[in-house]
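Here the structure is laid out as structure tokens; the discussion comes afterwards.
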Amino acid sequence: MEYNFLEIEGKWQRYWADRGTFRVDIDAAKPKYYVLDMFPYPSGAGLHVGHPLGYIASDIFSRYKRLKGFNVLHPMGYDAFGLPAEQYAIQTGKHPEATTTQNVARYREQLDKIGFSYDWSREVKTCDPAYYKWTQWAFLQMFNHWYNLDTQRAEPIAELEARFAAEGNAQVHAACSETPRFSAEDWASMDEAARSAVLMNYRIAYQGETSVNWCPALGTVLANDEVKEGISIRGGHPVEQKKMKQWQLRVSAYAERLLTDMEDLEWTDSLKDMQRNWIGRSQGAEMIFKVSNGSEEFDMTIFTTRADTVFGVTFMVLAPESEWVEKLTRPEKKEEVEAYLLAARKKTERERMAETRKVTGVFTGSYAKNPFTGEEVPVWVSEYVLSGYGTGAIMAVPAHDSRDYAFARQFNLPIIPLIEGADVSQESFDAKEGIMCNSGFLNGMSVQEAIPAAIDRVEAMGIGQRKINYRLRDAIFSRQRYWGEPFPIYFKEGIPCPIPVEALPLTLPEVDKFLPTESGEPPLGRAKDWTYEGYPIEKSTMPGFAGSSAYYLRYMDPHNDEALVGREANQYWRNVDLYIGGTEHATGHLIYARFWNKFLYDLGHVCEKEPFRKLVNQGMIQGRSNFVYRIKNTNTFVSLGLKDQYETTEIHVDVNLVNNDRLDTEAFRAWMPDYAEAEFILEDGEYICGWAVEKMSKSMFNVVNPDRICEEYGADTLRMYEMFLGPLEQSKPWDTKGIDGVHRFLRKVWKLFFREGESLIEEGAADKKALKVLHKLIHKVETDIENFSFNTSVSAFMIAVNELTDLQCHQREILEPLTILLSPFAPHLAEELWEALGHSESISSATFPTYVEAYTVEDTCEYPVSFNGKMRFKLTLSKSLTPKEVEALALADPNCEKYLAGAPVKKVIVVPAKIINIVY
RNA sequence: GCUCUGGUGGUGGAAUAGGUAGACACGCAGGACUUAAAAUCCUGUGGGCAGCAAUGCCCGUACGGGUUCGAUUCCCGUCCGGAGCACCA
């Protein structure tokens, strides 16, 4: 009987499913451990061999933790709302739900083949009404709360209303959109619509006019993290800026907490860095400049981090979208300015980026007064100032800011250096170092002293104060699409009102087509009777990140109909101990989920401040593409080594037609009709293909399907090989040819247990050498798993099994712990061997073996001896010797005499148990 | 431009509180078994030089310096790759 992996794997997968081996429940007697994978979007293409990498790692860790006595929550589900299913629906008319259901089934089938230890009874799908009920519920909570800066938490909007009625809004410190001041009397005199408009400025989920990323091809707005280089991430369509009224989440209110709470998380520095970067905290000051357009004078506020450079302000710049532009444009400049604004508006985000280096701008004709010097400086308008950051207006200090410098050079504006010795003839001096000059009362101070001193003066003069700005913007939360969660909001005489929680879920209606309506409304505009109590319901849907922001909470208590997560379940499972997924979510999902969690924490619905304690980012598995070389204008293909003799075109060839870079020429001819008559120029009788590492994708014909690997080699081989490929965090190419080594290893394990169908398992005491091999392995595997160094673990297994094979070791005393060690990696094989060892329970209820150091310590140790740092010979001596004794024995060794050859010895260095270095 | 990463054989990668670089695996070469192939097993495999040989010597962890008896590992500089942010005042 050979190692029949197909039979074994089928058998144990059925066993696990039938017995519900991996179902977990709250068990107060055991410590909990929550291992989570980032759930997949079930795409039509199915899984390729790169997708399960993280899942395998998390599964190994889950199984390991179970063996260590933890009650492990390890669930899986699907991020099932999203654009691809909808785009497909537009093309084919097939309902996204049907497509999604089909894809989910396919994913499940593929996942099951790999033998994961998920508790499938906890599966969630974000498009399931029973699930998105809680997404809608969370939205309503955000709608009904505001962020109080005094208490630094979300509080009920009803309390805010009471405060408005009692005292107006002057004393309310909230994270809010700009709202004019009003008194209690003003509030009393407002009608319902006016009050609603005011409250909207305070809600955490609010509707507001803002500049958004509009994607005409997709017909929807997108969040910042869904756009990259002016192109939509899904679909790759151009994106432009447009002012629109949209639902938004006030994520910016949580900026500081998102930043500080990150400190205690076990995330990689680079990921924390990305989040810090995205949040973009910057400390500075707001400062008022008096500006005049000749007829009227205004107070204009700007933000700066370099208050120390006020003496070098030689002009001011407004963002084209700034409301100040209109106020400050002089009649004689009107035409010029408007032409500039029009040109700026017409540009897409992408064009703006392409022109980053081009300096453009226009003078408004107005002047601002420097509050420190009283000097008048011109006010310009330029694209390089962003409307969304700070106040959309800046003071320009060309000597010490490279962007201002470029602008000043372009338009011949003066440049005044403020730091001693700074040469600004060629470029600006941006560094925050040096001694101030030309700066009145700041002269002689270092920059570090001058910044606070300048702000102190600004505050004393009553023209500004310290201010912290964040780059993090509020998340745009509505999408003009069909396949997403409907908003539980209806409009009563135009006033947005929440649909009561009892009426949730508000299920997605049927539509005849998945396209916008003729009048340009989102697809939900097509739904018949899309109303609540006769009033129209919001027609946008929620974005992809809505459903993925709290799914880890739902897994704790997936069938609870009363709450997103019940108190008991939440108190027990608390938060995710280990989260595995890709870095691509660093600035999207991982920010939103943290925000969502913090909001629910403020409301007392969850007991932990942070959702994900430890985070591991698995690398991408890239494809390894193969190429053939066609001689130009022929149907003849030349082998890699000879291609330079011809003029050739490189063509991707399906990696499944290639074995070890040798092309199966017959299969190639059969592959596509174009190649049926192909001729080949071979070398050594073979066609050698070129290769390159690229993204795994259909168009490059380098996709390897895990199903195929499972059929040919088995899931256990796949699991171990994926781990063996290299460090988990690192990106690396998939190359099927290396898989044999791992497969051979598993067969060797099999051979320790069976020969020709007969069990080899022996009772009785094992050899000392075998015990040493085993205990070294226990130690190595344990530390490796704890450090997520799975690749070196696999190597350690290989070495150990080779040694045990050489020792002809078949004792239960060795084989039993070995099987347990192996079970997280190759669970099917381990179960089979465990059964052969006479156990009737699943190996997942076994206990991880304990490492006994005594079995592995050596009583001797090697002392390499070096002369002047050069290693010459080794001594094997007792471990218990003192450095002095080792030194004496080393000098007495005949080799030493030989090498020293009478040279005078200056000193002998003994590094404990390692090297003796003799200097002469 | 800024931030973060990384650079080791033909390939994937081992080894860093500084201590025999290249574990393990793939590939390749040779051998055993076989009528043959597959499978399996064994041996060799960084480069160079010397030797019939066992073996010995030299060079090697992107490049150039530094610290050290000793550097793939620590420090400084340069080059190249990958990721993220990108006019954030």
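The structure displayed is predicted, hence computed values, not measured ones. By convention in this document, chain letters (A, B, ...) are assigned in the order of the sequence lines, proteins followed by strands, and residues within each chain are numbered from 1.
- Look at A:Tyr389 and you'll find a side-chain N or O under 4.0 angstrom from OP1 or OP2 of B:A89.
- Glycosidic conformation of B:G9 is syn; the angle stays within 90° of 0.
- Comparing the P positions of B:A15 and B:A25 gives a spacing of 15 Å, expressed to the nearest Å.
- Scored by the salt bridge (Lys or Arg N to Asp or Glu O under 4.0 Å) test, A:Glu666 finds A:Arg669 as partners (sequence neighbours excluded).
- Under the ring pair (Phe, Tyr, Trp, His ring centres under 6.0 Å) criterion, A:Phe545 pairs with A:Phe477, A:Tyr592, sequence neighbours left out.
- The residue A:Asp269 sits apart from the nucleic acid: no heavy atom pair falls under 4.0 Å.
- Under a cutoff of 6.0 Å and an axis angle of 45°, A:Arg471 and A:Trp278 form a cation-pi pair.
- Distance noted for atom P between B:A50 and B:A62: 29 Å (whole Å).
- Every residue two or more places apart in sequence or in another chain was checked for a side-chain contact (heavy atoms from CB on, under 4.5 Å) with A:Asn659, and none qualifies.
- Checked against ring pair (Phe, Tyr, Trp, His ring centres under 6.0 Å), A:Phe407 has the following partners two or more places apart in sequence or in another chain: A:Phe315, A:Trp380, A:Tyr384, A:Phe411.
- Side-chain atoms of A:Ser428 and A:Asp401 include no donor-acceptor pair closer than 3.5 Å.
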Give each protein N/O atom lying under 3.5 Å from an N/O atom of nucleotides 9-12 of chain B, with the pair distance.
{"unit_1": "B:G12", "atom_1": "O2'", "unit_2": "A:Leu725", "atom_2": "O", "d": "2.6"}

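- Atom-to-atom, CG of A:Leu718 to C1' of B:A25 comes out at 16 Å; the value is rounded to the nearest Å.
- Nucleotide B:G84 holds its C1' atom 14 Å from the CE atom of A:Met620, rounded to whole Å.
- Evaluation of the side-chain contact (heavy atoms from CB on, under 4.5 Å) rule for A:Glu786 yields A:Tyr64 as partners, not counting sequence neighbours.
- The residue A:Asn659 sits apart from the nucleic acid: no heavy atom pair falls under 4.0 Å.
- Residues passing the side-chain contact (heavy atoms from CB on, under 4.5 Å) test with A:Glu286, sequence neighbours excluded: A:Thr301, A:Phe303, A:Thr391, A:Gln465, A:Lys467.
- Using atom P as the reference point in both B:U8 and B:G82, the two lie 14 Å apart (nearest Å).
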Dump the pairs, protein N or O against N or O of nucleotides 37-42 of chain B, anything under 3.5 Å, distances to one decimal.
{"unit_1": "B:U40", "atom_1": "OP1", "unit_2": "A:Arg747", "atom_2": "NH2", "d": "2.4"}

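- Contact check, A:Asn802 against B:A25: a side-chain N or O comes under 4.0 Å of OP1 or OP2.
- Comparing B:G27, B:A89, B:C24 against the side chain of A:Asp401 picks out B:A89 as the nearest.
- Of the candidate nucleotides B:C85, B:G27, B:A89, B:G27 has the atom lying nearest to any side-chain atom of A:Asp740.
- Comparing A:Thr587 and A:Asp404, the nucleotide of RNA chain B nearest to each residue sits closer to the 5' end for A:Thr587.
- Relative to the side chain of A:Asn791, the nucleotides B:G13, B:A25, B:C87 differ in distance, and B:G13 lies closest.
- B:G7 and B:C58 are spaced 28 Å apart, taking the P atom of each and rounding to whole Å.
- Residue contacts for A:Ile394: at a heavy-atom cut-off of 4.0 Å it reaches a base atom on one of the strands shown.
- At least one side-chain nitrogen or oxygen of A:Asn660 sits closer than 4.0 Å to the OP1 or OP2 atom of B:C28.
- Separating the P atom of B:G64 from that of B:U16 is a span of 26 Å, rounded to the nearest Å.
- Taking atom C1' on both B:G66 and B:A71, the two are 11 Å apart, rounded to the nearest angstrom.
- Atom CG of A:Asp273 is separated from atom C1' of B:A86 by 15 Å (rounded to the nearest Å).
- Secondary-structure stems of RNA chain B, taken as three or more successive Watson-Crick or G-U wobble pairs (i with j, i+1 with j-1) under a 3.5 Å distance threshold, comprise B:1-7 with B:79-85, B:10-12 with B:24-26, B:27-32 with B:40-45, B:46-50 with B:55-59, B:62-66 with B:74-78.
- The side chain of A:Asn277 sits closest to B:G84 out of B:A15, B:C24, B:G84.
- Rounded to whole Å, the P atom of B:U5 lies 23 Å from the corresponding atom of B:G9.
- Here B:A14 presents its P atom at 11 Å from CG of A:Asp784, a figure rounded to the nearest Å.
- Every residue two or more places apart in sequence or in another chain that forms a ring pair (Phe, Tyr, Trp, His ring centres under 6.0 Å) with A:Phe790 is listed here: A:Phe788.
- Listed nucleotides B:G13, B:C85, B:C24 differ in distance to A:Pro727; the shortest reach to its side chain belongs to B:G13.
- Between the side chains of A:Gln275 and A:Arg594, at least one donor-acceptor pair of N or O atoms lies under 3.5 Å.
- The side chain of A:Ser270 sits closest to B:C4 out of B:C4, B:G13, B:A89.
- For residues 788-797 of chain A, the set of pairs meeting the side-chain hydrogen bond (donor to acceptor under 3.5 Å, both in side chains) definition, not counting sequence neighbours, comprises A:Asp784-A:Thr792, A:Asp784-A:Ser793, A:Ser789-A:Thr792.
- In this structure, CE of A:Met720 is placed 14 Å from P of B:C26, rounded to the nearest angstrom.
- With sequence neighbours left out, A:Tyr389 forms a ring pair (Phe, Tyr, Trp, His ring centres under 6.0 Å) with no residue at all.
- A:Asn469 has its CG atom 10 Å from the C1' atom of B:A89, to the nearest Å.
- Comparing the C1' positions of B:C2 and B:G13 gives a spacing of 32 Å, expressed to the nearest Å.
- Between the NZ atom of A:Lys467 and the C1' atom of B:A89 there is a distance of 14 Å, rounded to whole Å.
- Defined by atom type and a distance below 3.5 Å, a donor-acceptor pair is present between the side-chain atoms of A:His743 and A:Thr717.
- Mapped onto RNA chain B by nearest heavy atom, A:Tyr470 and A:Ala796 fall at different nucleotides, with A:Ala796 at the one closer to the 5' end.
- Between the C1' atom of B:A23 and the NZ atom of A:Lys780 lies a distance of 10 Å, rounded to the nearest Å.
- Side-chain atoms of A:Asn469 and A:Ser282 form no donor-acceptor pair, as typed in the model, at a separation below 3.5 Å.
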